[in-house]
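One structure is given here, and the rest of the page talks about it.
What's counted below: heavy atoms across the whole structure, side chains too, no hydrogens, waters or symmetry copies.
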Amino acid sequence: MNIYPLIVAAEDGNPSDPFNYGRQGIGGVYTLYKSPNEVYKYSPVHSIYEILKVSNHLILGIFVIIEPYLQITVNNKGVKRLRFMQKLIDYNSKLKIALQTVQSMHDINDINKLFIDDQTKVLTESILSLSIDYCDSVIINNDNAGGNIDMNEFMKYSSKIKPMIKKGMQIATDYQAKGVISMLLKWKSIMTETEWKNLYVVIPSVWVTSKNNPREQLFRLIMDKQNQDTHIIIGENIKNEYEARVLCGRVVHDRIMSRFIFG
């Protein structure tokens, strides 16, 4: 808890909505503990990152709902499997609300503020529309499909949406990199050379993104090269900044202890 300077690079929550613990994917909330009395908190990534990350994951949400009922994963004994249908209907209703909301935006200033430009807005609308069309087709045709889902139809949907997801990922990662690097350079400017060299970073993560973590890669572009391997700490399943700071303290303490004991 007494290690300074330290940056906790979390990806959940939002400084403007700190009690929304389930909100993730906003590009990271970064907290710099420069000293006991000097703390900075910043969310540097443009909102388009959050919008595109959500859009790009829509197909995963659909797949999680329908996967147990795909023809390749169920038997064909004539038993109707309808338990997923209400979940898909509810999911599809939310997609339709999201599409209506995006389509209702016409003011160019609002579009540029939220979507960067009209092309990115159209990209978001297209992803939503394709996902809605697929959900509608499953819901409408379910009675004729015996409760199972046609894998070929899902693959058609996947092939159509794949180029859009790729484009969305490119835009999202570009704005994540610009925002984070700009913030780090500003924070570097308020530190001494020694402080910057001794900077520790804790990146809360999960197993899926613990390797080749995007936030880690951005820090490695800017941080002191000599200390990167020891001063960037990836921690899985960290719930809050307190746990992140405790983890950093334990890692540093264990290293000191092993040095004194084993040399």
Next on the checklist: Donor-acceptor check, side chain of Ser126 to backbone of Val122, threshold 3.5 angstrom: yes or no?
Outcome noted: yes

Checklist entry - Do the non-hydrogen side-chain atoms of Phe154 and Ile66 ever get within less than 4.5 Å of each other? => result yes

Checklist outcome for this item: Shortest non-hydrogen pair, Gln176 vs Arg215, comes out as NE2-CG, 4.3 Å

Item to check | Smallest separation among heavy atoms of Val138 and Met85, with atom names | outcome: O-CE, 4.2 Å

Next on the checklist: Between Tyr30 and Pro44, is there a side-chain heavy-atom distance shorter than 4.5 Å?
Outcome noted: yes

Next on the checklist: Tell me whether Asp117 contacts the main-chain N or O of Thr120 through its side chain, where contact means a donor paired with an acceptor under 3.5 Å.
Outcome noted: yes

Next on the checklist: More than 12 heavy atoms of other residues, nucleotides or ligands under 6.0 Å from CZ of Arg255: yes or no?
Outcome noted: yes

Checklist entry - Do any N or O atoms from the side chain of His46 and from the backbone of Lys113 form a donor-acceptor pair under 3.5 angstrom? => result yes

Would you tabulate the side-chain donor-acceptor contacts of residues 164-175 under 3.5 Å, counting partners in other chains and residues two or more places apart, or write 'none'?
residue : atom : partner : partner atom : Å
Thr173  : OG1  : Met169  : O            : 2.8
Thr173  : OG1  : Gln170  : O            : 3.2
Asp174  : OD2  : Lys178  : NZ           : 3.3

Checklist entry - Is atom NZ of Lys211 surrounded by more than 12 heavy atoms (other residues, nucleotides or ligands) closer than 6.0 Å? => result no

Next on the checklist: Do Ile3 and Tyr33 have side chains that approach each other closer than 4.5 Å (heavy atoms only, starting at C-beta)?
Outcome noted: no

Checklist entry - Is there a side-chain contact between Val102 and Lys121 (heavy atoms, below 4.5 Å)? => result yes

Item to check | Donor-acceptor contact present, side-chain His253 to main-chain Gly249, <3.5 Å | outcome: no

Checklist entry - Quick one: are Tyr200 and Val251 in side-chain contact, heavy atoms under 4.5 Å? => result no

Checklist entry - With distance as the sole test, does Ser137 use its side chain to make a donor-acceptor pair with the main-chain N or O of Tyr134 at under 3.5 Å? => result yes

Next on the checklist: If you compare all heavy atoms of Lys34 against all heavy atoms of Ile190, which two are closest, and at what distance to 0.1 Å?
Outcome noted: CE-O, 3.0 Å

Next on the checklist: Are more than 12 heavy atoms, taken from residues, nucleotides or ligands other than Asp254, located less than 6.0 Å from that residue's CG atom?
Outcome noted: yes

Next on the checklist: Strictly below 4.0 Å, N to O, side chains only: are Glu153 and Lys156 in salt-bridge contact?
Outcome noted: yes

Item to check | pair Ile232-Arg220: side-chain heavy atoms closer than 4.5 Å | outcome: yes

Checklist entry - Which heavy-atom pair separates Ile127 from Ser131 by the least distance, and what is that distance? => result O-OG, 2.9 Å

Checklist entry - Hey, is Asp136 close enough to Lys96 for a salt bridge, meaning N to O under 4.0 Å? => result yes

Item to check | Donor-acceptor side-chain pairing of Asp90 and Ser93 below 3.5 angstrom | outcome: no

Next on the checklist: Could you check whether atom OH of Tyr242 has more than 12 heavy atoms from other residues, nucleotides or ligands sitting under 6.0 Å from it?
Outcome noted: no

Checklist entry - Is it true that a side-chain atom of Asn227 and a backbone atom of Lys197 form a donor plus acceptor pair closer than 3.5 Å? => result yes

Checklist entry - If every non-hydrogen atom of Val201 is compared with every non-hydrogen atom of Ile203, which pair is closest and at what distance? => result CG1-CG1, 3.8 Å

Checklist entry - Below 4.5 Å, heavy atoms only, C-beta onward: do Leu6 and Leu199 meet side chain to side chain? => result no

Checklist entry - With no hydrogens and no angle check, do the side chains of Glu236 and Ser205 hold a donor and an acceptor under 3.5 Å apart? => result no

Checklist entry - Checking Asn198 side chain against Thr194 main chain: does a donor-acceptor pair fall under 3.5 Å? => result yes

Checklist entry - Side-chain donor-acceptor pair under 3.5 Å between Tyr4 and Glu195, yes or no? => result no

